Amino acid sequence: MNHLRKIPLRMIKNAFQRQQYAPFSAASLEAVKMPALTFLTDDEKMMKDTVSRLAQEVVSPHVKKMDENHLFEKEIVDAMFQNGLMGIEIPTDLGGSGCNFMTTMLVVEELSKVCGAVGALVDIHNTLVCSLVMKVANKEQKEKYLPRLAQTDIGSFALSEPTSGSDAFSLKTTAKKDGNHYILNGTKMWISNSDVAGIFLIMANAKPDAGYKGITTFIVERDTPGFSVGKKESKLGICASGTCTLHLDNVRVPEENLLGEFGKGYQYAAGFLNEGRIGIASQMLGIAQGCFDATIPYLLERKQFGQDIYSFQSMQHQISTIATEIEAARLLTYNAARLQENGKPFVKEAAMAKYYASEVAQRATIKCIDWMGGVGFTKDFPQEKFYRDCKIGAIYEGTTNMQLSTIAKFIRKEYSS
Ligand SMILES: Cc1cc2nc3c(=O)[nH]c(=O)nc-3n(C[C@H](O)[C@H](O)[C@H](O)COP(=O)(O)OP(=O)(O)OC[C@H]3O[C@@H](n4cnc5c(N)ncnc54)[C@H](O)[C@@H]3O)c2cc1C
């Protein structure tokens, strides 16, 4: 857009006359053949449909109880492993499902339509833990950890600390070399899945005088002496997903558990969180769509003033607005996912998708409760849980403010060049 402003209008006119911008040039016909963003391959469609059935038939009956107990039922976690959803992109020869990134997004969306907490479990495990090990681990680490992540062990990604959240790279956890081990000390906070995880990716500073360039990633197993999972937070939403503090008290980690390159932890964290944000957008999209799907049939059935409440024009206009916003969130999310898996720049698009989808999820769930009237305010209906579950979208993996700052950085660059 910006560069067009600088082209004299007569040049555009000339270009049209030379057929460069002709509406039916070969290039534009090629463009017409590009599939819509909602187009899915047969494999993607099959996975989406299968997970949708799994969510409805297997997960759905347990959602209320898991929310009340603040704990995943073992049966549900087992179902995620047994159906290949804990190693979606892990190659099949290492025990995974060998699918693409878009499939991970579809799985997270489908699960979140039924339970945002199960969506979080699968999303964080796949997009932050499995991805990081898949893309930066050495051969031995991949052979050791990827089959476990795909089949038995839940993973946690530990970056945040009590004094470093948005300013994540000011983290205080240290890693000190001692022979062929590193000694880790510090406290991690807000770590998802950590109540049940077996494998933890810990970001620690192994060279504090180098600042954030000392941040290094370590694989730490749950039973390592000195490592303990502490307080579990009592939360507003995604209650079944355990969020705990981790204590590292002289934890001896063998140097072969250093993941990727020394001092590259900040790059890995930033890079994988950029991808992870598309997963959070998918989770938010699923929550918004799931809440909407659970609400519309009620509106078609419930009668007031002698007609179904869906028939009132003021209701229809609100419903149409929310349906449009959900579709816009879907297009932003799928676009970011396709850019990522095609190796194209996607950071701005991922930030936009996460920001927008989390806003839409909030608006959609609030509206659905309004539309349901009194029953929407009760725990007998699922809308109140969707409403609570979606709030996290504007907080974790970078708050809404941080997403808006990222988008603004790109806009400044585009308009300054
Ligand atoms: C349920 C849950 C699960 C989580 N899971 C994980 C996990 O698995 N792993 C992990 O490492 N972390 C996890 N987190 C941590 C999460 O990523 C942080 O909470 C988040 O990054 C915000 O950090 P903070 O809570 O310290 O808030 P702060 O950074 O203190 O921010 C507070 C407010 O200040 C604003 N703010 C801060 N800096 C700026 C700025 N420069 N410009 C404008 N506004 C600013 C923020 O937008 C926010 O509104 C989780 C958090 C929760 C609640």
Side-chain angles (χ1 to χ4, degrees), residues 67 70-72 108 112 115-132 154-173 186-205 212 215 217-218 220 222 229-248 259 265-266 268-277 279-281 283-284 287 351 354-355 358-359 361-362 385 388-409 412:
D67 187 56
H70 290 211
L71 199 64
F72 289 121
V108 172
S112 303
C115 180
V118 177
L121 165 76
V122 170
D123 174 57
I124 292 165
H125 176 88
N126 278 282
T127 67
L128 296 184
V129 183
C130 296
S131 292
L132 191 42
I154 294 173
S156 273
F157 176 88
L159 174 66
S160 304
E161 298 186 359
T163 56
S164 58
S166 301
D167 185 14
F169 300 144
S170 65
L171 62 82
K172 302 267 189 316
T173 297
T187 304
K188 293 287 173 185
M189 200 174 172
W190 308 116
I191 308 308
S192 298
N193 299 347
S194 57
D195 55 339
V196 284
I199 295 168
F200 295 79
L201 303 187
I202 307 277
M203 298 289 165
N205 201 320
Y212 67 91
I215 297 174
T217 311
F218 296 90
V220 176
R222 191 182 186 95
V229 177
K231 180 177 173 256
K232 185 167 166 176
E233 305 297 337
S234 175
K235 310 194 297 295
L236 169 73
I238 57 164
C239 294
S241 162
T243 312
C244 309
T245 302
L246 310 180
H247 301 287
L248 297 114
L259 182 61
Y266 76 98
Y268 301 150
F272 285 91
L273 281 168
N274 283 329
E275 295 182 16
R277 278 172 198 137
I280 303 303
Q283 182 199 21
M284 293 299 119
I287 290 176
K354 180 185 184 278
Y355 155 64
S358 56
E359 291 279 313
Q362 291 182 57
K385 179 178 180 295
R388 288 186 285 111
D389 281 356
C390 78
K391 192 64 208 107
I392 190 59
I395 300 171
Y396 64 2
E397 300 202 21
T399 64
T400 282
N401 278 359
M402 301 319 286
Q403 305 315 310
L404 293 174
S405 296
T406 299
I407 297 164
K409 262 184 226 154
R412 180 194 285 274

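Note: hydrogens, waters and symmetry copies are ignored here, and every other heavy atom, side chains too, is used. For clarity, every value in this text was computed on a predicted model and none was experimentally measured. One-based numbering, in listed order, for ligands and for the atoms of each. For reference, positions follow the sequence shown, starting with 1.
Looking only at protein heavy atoms, the nearest one to atom 6 (C) of ligand 1 is W190 O, 2.7 Å. Of all protein heavy atoms, the one closest to atom 24 (P) of ligand 1 is G165 CA, 3.9 Å. In this structure, atom 18 (C) of ligand 1 lies nearest to the protein heavy atom S160 OG, 4.2 Å. In terms of protein heavy-atom proximity, atom 53 (C) of ligand 1 is closest to I392 CD1, 3.5 Å. Nearest protein heavy-atom contact of atom 22 (C) of ligand 1 is T399 CG2, 3.8 Å. Nearest protein neighbour of atom 45 (C) of ligand 1, counting heavy atoms only, is N401 ND2, 4.0 Å. Nearest to atom 9 (N) of ligand 1 among the protein's heavy atoms is F157 O, 2.8 Å. When only non-hydrogen protein atoms are considered, atom 40 (C) of ligand 1 lies nearest to M402 SD, 3.8 Å.
Atom 34 (O) of ligand 1 lies below 4.0 Å from none of the non-hydrogen atoms of the protein. Under the 4.0 angstrom criterion, atom 31 (O) of ligand 1 counts as having a protein heavy-atom contact. At least one protein heavy atom sits closer than 4.0 Å to atom 20 (C) of ligand 1.
The heavy atom nearest to atom 29 (O) of ligand 1, considering only G155, A168, S166, is found in S166. The option from S192, S194, S156, S164 that lies nearest to atom 3 (C) of ligand 1, judged by heavy atoms, is S192.
Atoms of ligand 1 found under 4.0 Å from any heavy atom of T243 (numbered from 1 in listed order, with element): 1 (C), 2 (C), 3 (C). Atoms of ligand 1 found under 4.0 Å from any heavy atom of E397 (numbered from 1 in listed order, with element): 17 (O). Distances below 4.0 Å separate heavy atoms of I395 from the following atoms of ligand 1: 20 (C). Against a heavy-atom cut-off of under 4.0 Å, K235 is close to the following atoms of ligand 1: 1 (C).
No more than 12 heavy atoms of other residues, nucleotides or ligands sit less than 6.0 Å from atom NZ of K409.
For the pair N126 (side chain) and V122 (backbone), a donor-acceptor distance under 3.5 Å is present. D389 places a side-chain N or O within 3.5 Å of a backbone atom of I238 that can act as its donor or acceptor partner. Counting only distance, with no hydrogens or angles, the side chain of K188 and the backbone of M203 share a donor-acceptor pair below 3.5 Å. The backbone N or O of G165 lies less than 3.5 Å from no partner atom in the side chain of S160, so there is not a single donor-acceptor pair. R222 places no side-chain N or O within donor-acceptor distance of the main-chain N or O of F200, the cut-off being under 3.5 Å.
When side chains are defined from C-beta on, K385 does not count as touching C239, because their heavy atoms never get closer than 4.5 Å. Residues T406 and Y355 have side chains not in contact (no heavy-atom distance under 4.5 Å, counting atoms from C-beta outward). Looking at heavy atoms from C-beta onward, L121 lies out of side-chain contact with S241 at the 4.5 angstrom threshold.
Polar contact check, A158 against ligand 1: no nitrogen or oxygen pair lies under 3.5 Å apart.
We find the OH-OG1 distance between Y266 and T217 to be 11.5 Å, quoted to the nearest 0.5 Å.
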Got a list of side-chain donor-acceptor pairs under 3.5 Å for residues 395-402, not counting sequence neighbours?
unit_1: Y396; atom_1: OH; unit_2: Q283; atom_2: OE1; d: 2.7
unit_1: Y396; atom_1: OH; unit_2: Q283; atom_2: NE2; d: 3.1
unit_1: T399; atom_1: OG1; unit_2: M402; atom_2: N; d: 3.4

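Heavy atoms of I191 approach ligand 1 to within less than 4.0 angstrom.
Considering all non-hydrogen atoms of both residues, T163 and S170 come closest at O-OG, 4.4 Å.
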